[in-house]
Amino acid sequence: MNNPYLSLDQQMVGDVYTSSEVMHNLTVLCDDFGSRFAGTVAEKQAADFILGCFQEYGLSEARLETYPYAGWSRGNATLRITAPIEREIPCISLPYCPSQSVNGELISVGFGGPDDFERLSGKLSGKIVLASSASSPELGRWVHRKEKYERSVLAQAQAFIFVSEHAGVGPETGSLQNNRPAPIAGISVSKEDGAFLQRLIDRKSCIQLQIETTDVNTPRISWNVVADLPAEGPNAINEEQIVLGCHYDGHDISQGAHDPASGLVLMIESARVLAKHARSALKRTIRFIAFGTEEIGLTGAFQYVKAHQTEMDQLRFMYNLDAAGGSSRKGLVLHRWAELTSFFENAYQEMSVNLPVGQKLHSYSDHFPFFLAGVPSGHMGDPESGPKGRGFGHTAYDTLEKIEIDHLRAGSTISARLALRMSADLDFRPVRRNNESVDQIIATDPGLEGYRVAQTLADQLSD
């Protein structure tokens with residue numbers, strides 16, 4: 001197949017594969033700044049480092065955009081079995097957990113899918129709910145932690161325990177709510193301790209627990225890091241944009257090397273090689289955004305969309321690279337934009353890479369605020385993969401040595417080459433959806449069941 005971008009492809013791919021810059025940037029982010037969790041000194045240090053990269057690579061108008069959010073700080077958490085035996089179980093609070101003291105009976109909802117909650121309807125009120133992070137194979141979709149927690153709140157449970165599905169990685173963390181304190185306590189335990197609690201339920205029937213959490217919810221500020229690569233090609237339309245985005249904050253118990261930093265450095269490396277080799281071919285501005293506070297509610301992305309509402313009509317595509325630098329295939333998951341399939345399939349064919357393009361949607365990463373605004377969007381990933389857990393993600397074992405430079409290089413070249421084509425091809429002009437079309441997808445898409453549950457809870461809490 002003829003490739004009009006062959007020379008630029010060769011220059012960018014050759015540069016990425018003969019440079020160690022992408023691994024250097026990942027090493028700095030992980031080893032120098034740790035988790036980069038919202039509200040920490042390292043969060044701001046990481047934002048400044050990313051800003052410095054954008055400036056060094058010659059992007060224009062590199063800046064920090066400040067916004068307020070509902071902050072959260074971890075306190076000590078304890079979980080004690082008080083009857084029929086006495087024992088303390090190691091645990092951690094989940095972000096936005098309030099400071100609470102809870103005593104109650106433990107009840108298991110298994111996988112915590114919709115059928116599990118339906119089966120136990122009327123039996124969860126006043127109880128402490130135990131739910132696995134795994135999803136039922138029969139359900140055919142991944143059930144997010146927040147959906148399980150929010151179903152527990154709607155069922156009037158008084159506390160929630162999240163059990164990791166993976167052995168040997170300890171408790172799995174993750175936010176309970178988006179940018180607001182959670183209504184009931186939520187904690188996490190390891191797979192091994194969760195199995196012990198489940199066995200007690202099976203053997204002893206009535207298990208009494210005491211949960212103490214001491215977390216602090218307090219307002220704070222954070223930053224999105226934004227920079228532009230303006231179009232310089234013939235017939236340039238600089239008011240039109242392609243956005244490449246990934247968040248930079250991780251969770252406080254981990255380096256977050258895979259989630260999100262492996263994807264963040266793909267974006268930074270794409271910025272470097274596009275600025276160095278492809279400026280003269282660009283016909284639309286490419287904007288690079290490192291979002292803050294994603295792990296506690298996509299807050300940076302929501303704030304960005306709110307602050308840039310007047311630009312949404314000219315935003316042709318939002319390409320999300322969250323956690324994309326691991327071992328998974330570097331295909332494209334479109335967010336219900338079937339009409340764009342052929343463009344990206346042709347692009348991959350032209351690039352001589354055999355990667356899938358498919359259609360899926362979920363509400364748990366920074367593409368979602370753009371989706372709600374009607375903006376065409378997609379993320380790097382494998383649309384053919386089935387529902388699965390995070391592995392070591394969101395645990396203390398998401399560390400740098402698990403990331404391989406070849407995966408980073410592969411992802412960087414794919415993202416840079418796709419961004420080049422989206423910017424340079426003036427026939428690529430998807431139009432923003434109207435509110436009615438967005439609402440129709442929200443109401444019917446199976447991947448947004450968790451979002452619908454969240455909206456039900458939000459409506460209930462606001463009454």
Modelled atom types, side-chain donor and acceptor of [X] and [Y], under 3.5 Å:
| X | Y | value |
| --- | --- | --- |
| Tyr67 | Thr293 | yes |
| Glu65 | His308 | yes |
| Ser270 | Ser415 | yes |
| Glu295 | His394 | yes |

(message) The test is side chain to side chain contact (heavy atoms under 4.5 Å, CB included); show your working for Phe162 and Ile92 and say whether it passes.
(response) CA-CA 10 Å; Phe162 192 52; Ile92 60 171; over 6 Å; no

Does [X], at its [atom1] atom, have more than 12 non-hydrogen atoms belonging to other residues, nucleotides or ligands within less than 6.0 Å?
| X | atom1 | result |
| --- | --- | --- |
| Glu86 | CD | no |
| Asp31 | CG | yes |
| Glu118 | CD | no |

For [Y], is there any backbone N or O sitting under 3.5 Å from a side-chain donor or acceptor partner on [X]?
| X | Y | value |
| --- | --- | --- |
| Thr395 | Tyr397 | yes |
| Asp382 | Ser328 | no |
| Thr213 | Asp215 | no |
| Thr40 | Glu43 | yes |

(request) Identify whether the distance between the nearest side-chain nitrogen and carboxylate oxygen of Glu269 and Arg409 falls below 4.0 Å. (result) no

Heavy-atom distance under 4.5 Å between the side chains of [X] and [Y], does that happen here?
| X | Y | answer |
| --- | --- | --- |
| Leu106 | Ile201 | yes |
| Asp202 | Gln198 | yes |
| Val129 | Leu124 | yes |
| Phe344 | Leu418 | yes |
| Ser135 | Leu139 | no |
| Leu176 | Pro95 | no |

(message) Using the ring-ring contact (aromatic ring centres under 6.0 Å, His included) criterion, which residues pair with His407? Sequence neighbours excluded.
(response) none

(message) As a test of understanding, state which of Arg390, Glu165, His166 forms a side-chain hydrogen bond (donor to acceptor under 3.5 Å, both in side chains) with Ser133.
(response) Glu165

(request) Compare every heavy atom of Pro383 with every heavy atom of Leu332, then report the nearest pair and how far apart it is. (result) O-CG, 3.8 Å

Let me have the donor-acceptor pairs involving side chains of residues 366-376, under 3.5 Å, with sequence neighbours excluded, atom names and distances please.
from, atom 1, to, atom 2, distance (Å)
His367, ND1, Asn320, ND2, 3.2
His367, NE2, His362, O, 2.9

(message) Both conditions, 6.0 Å and 45 degrees, for the charged tip of Lys402 above the ring of Phe392: are they met here?
(response) yes

(message) Please report the interatomic distance NZ(Lys44) to CZ(Phe33), rounded to the nearest 0.5 Å.
(response) 11.0 Å

(message) Please report whether the ring centroid of His144 lies less than 6.0 Å from that of Trp142.
(response) yes

(request) For the residue pair Phe54 and Phe288, categorise the inter-ring angle as parallel (less than 30°), tilted (30 to 60°) or perpendicular (more than 60°). (result) tilted

